[in-house]
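Model, not experiment: these values are computed from the prediction. A, B, ... follow the sequence lines: proteins, then strands. Residue 1 opens every chain. Because only heavy atoms are used, hydrogens play no part in the values below, and waters and symmetry mates are left out as well, while side chains stay in.
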Amino acid sequence: MKRKIIIFLNVLLIIALGTSCSSKPKSVQSQIFAMDTVMSLTAYGKNSDEAVKAATGEINRLDKMLSANDADSEVSKINASSGSFVTVSGAVLRQIAVAKEVSDRSGGAFDISILPLVELWGFGTDKAHVPSNGEISEAMSKLNYRGIEATDSSVRIPQGTKITLAAIAKGYTSQHLCELFKGMGVSSAIVSLGGNVQAVGVKPDGSKWRVAVQDPNDTAKFLGTVEIADLAVVTSGGYQRYFEENGVSYHHILDPKTGRPAESGLSSVTIVCADGTLADALSTALFVLGEDGAIEYWRSYGGFEAILVTNDGRVVVTEGLKSSFSLSGSYKLQYAGK
Amino acid sequence: MREQMKSISNLKLIVIFAALILASAASILIMTERRQDALIAEIYSEGKLLYTIDLNKVTESYTIELPHNTVLVEHGQISMKCADCPDQVCVRQGKIKNGAYPIVCLPNRVEIRITNKAGVDAVTGR
């Protein structure tokens, strides 16, 4: 009798072990430097090894293709041949299409032809300085997003203009990587490309991913978290990149209409959207537009949700995020409805 | 003779039983370790946040070169590998694994800070 009990218990344990082993999700993680920032990828389940390897290769390929600083990139070729059509990849065509749509809808608050102005101010280099009014006017005369034309295989920018995809490239890359993961059979993954977050599916245990939003006034803290499945979360804020001259702070999100850092009353804009490319472009556009313009854009076009942090201490959240956003910290929470 | 054989077989079964218990315990341990929360390190230069890194996601160590400092990023820990400051306090502090004491290089105004944020899978906004 004792023997039978012991045998029975052994069999039970073997079954328990067997099932517990198979439910353990395999995870593969990778962290690399690219596009001037830290990128981290995490994929779960079978094929995650090959998927992460392939994703790393794609990041490096896209970095070379899109960097305005690399003379061999497609963006540099477009800039060097302004006035003529240049054959480009689908990646560039997609970013230009999204950029044009957001530019038109935001009345020019988003403008990829802003490169002359960015170079003039010198953000990100040790030559960052406040230019003279004359220099700013001269650079602004080169902006012309309306004149950007695209066919299904090529792009032409007006003579004398220069474009940069810096405000949209990371979003495109996260979107591309998530599509790559799905195509390779990975149904649970999350990437963070210098703060551009995008996820595939939900976590292996079935729960949603929790993405924290940095507090623009104290980057060591979070102002809240948003729970997502299969979405991108992208934040733009002046606090991310700026320089100081004579005690005044100048941040890197320039307003194409003034040629100077946007003073729209917002400290940061976070976009939650199914498309990473669109999320990236919108975060910049809505930051420049300011609270009223941002809410109006959301009401007119939709397709995303937003979290706006205002300079006067409020967090305005579009109502689609009511059940997935939770505030932590001392901001005053308001919801914006349609 | 038969009695002896029976008790040896019983013994074998008990040993197998014990081994299986141990194996289950081990697999439970391994499974729970998998669920690692984010361990977020932030690198500041001149008060500006330059990098946000989840140390629990680091698979291979690497360095970040700043103009006057080099940061060594490893799984679960971070340190100032070298600096050109005269006192080297930041380098001697060694590796940090939690938010108790940030690493600060005062002369070069570089700071490495860890924020333990439980339950967060990613941070947006850098």
(message) Tell me whether B:Ile21 at atom CD1 has more than 12 heavy atoms from other residues, nucleotides or ligands lying less than 6.0 Å away.
(response) yes
(message) Nearest 0.5 Å, please: how far is NZ in B:Lys57 from CD in A:Gln29?
(response) 6.0 Å
(request) Take atom NZ of A:Lys203 as the centre, draw a 6.0 Å sphere, and report whether it contains more than 12 heavy atoms from other residues, nucleotides or ligands. (result) yes
(message) Need one label for A:Phe33: side chain, backbone, both or neither, based on atoms under 4.5 Å from any heavy atom in chain B.
(response) side chain
(request) Would you mind checking which part of A:Ser30 comes under 4.5 Å of any heavy atom in chain B, side chain (CB onward), backbone (N, CA, C, O), both or neither? (result) backbone
(request) Look up atom CG in B:Asp54 and atom OG in A:Ser40, then write down how far apart they are to the nearest 0.5 Å. (result) 6.5 Å
(message) If I measure from the heavy atoms of chain B, does A:Val226 come under 4.5 Å with its side chain, its backbone, both, or neither?
(response) neither
(message) Are B:Val120 and A:Trp209 packed together at the side-chain level, in the sense that at least one heavy-atom pair is separated by less than 4.5 angstrom?
(response) no
(request) Count the heavy atoms of every other residue, nucleotide or ligand shown that sit under 6.0 Å from CD of A:Glu245, and state whether that count exceeds 12. (result) yes
(message) If I compare all heavy atoms of A:Lys208 with all of B:Asp121, which pair ends up nearest, and what's the gap?
(response) O-OD2, 4.2 Å
(message) A:Phe243 vs B:Glu46, test: side-chain contact (heavy atoms from CB on, under 4.5 Å). Steps then yes/no.
(response) CA-CA 10 Å; A:Phe243 68 87; B:Glu46 312 267 345; over 6 Å; no
(message) In the structure I gave you, are the side-chain heavy atoms of B:Thr124 and A:Gln214 within less than 4.5 Å of one another anywhere?
(response) no
(request) Can you measure from CD (A:Gln31) to CG (B:Asn56) and round to the nearest 0.5 angstrom? (result) 10.5 Å
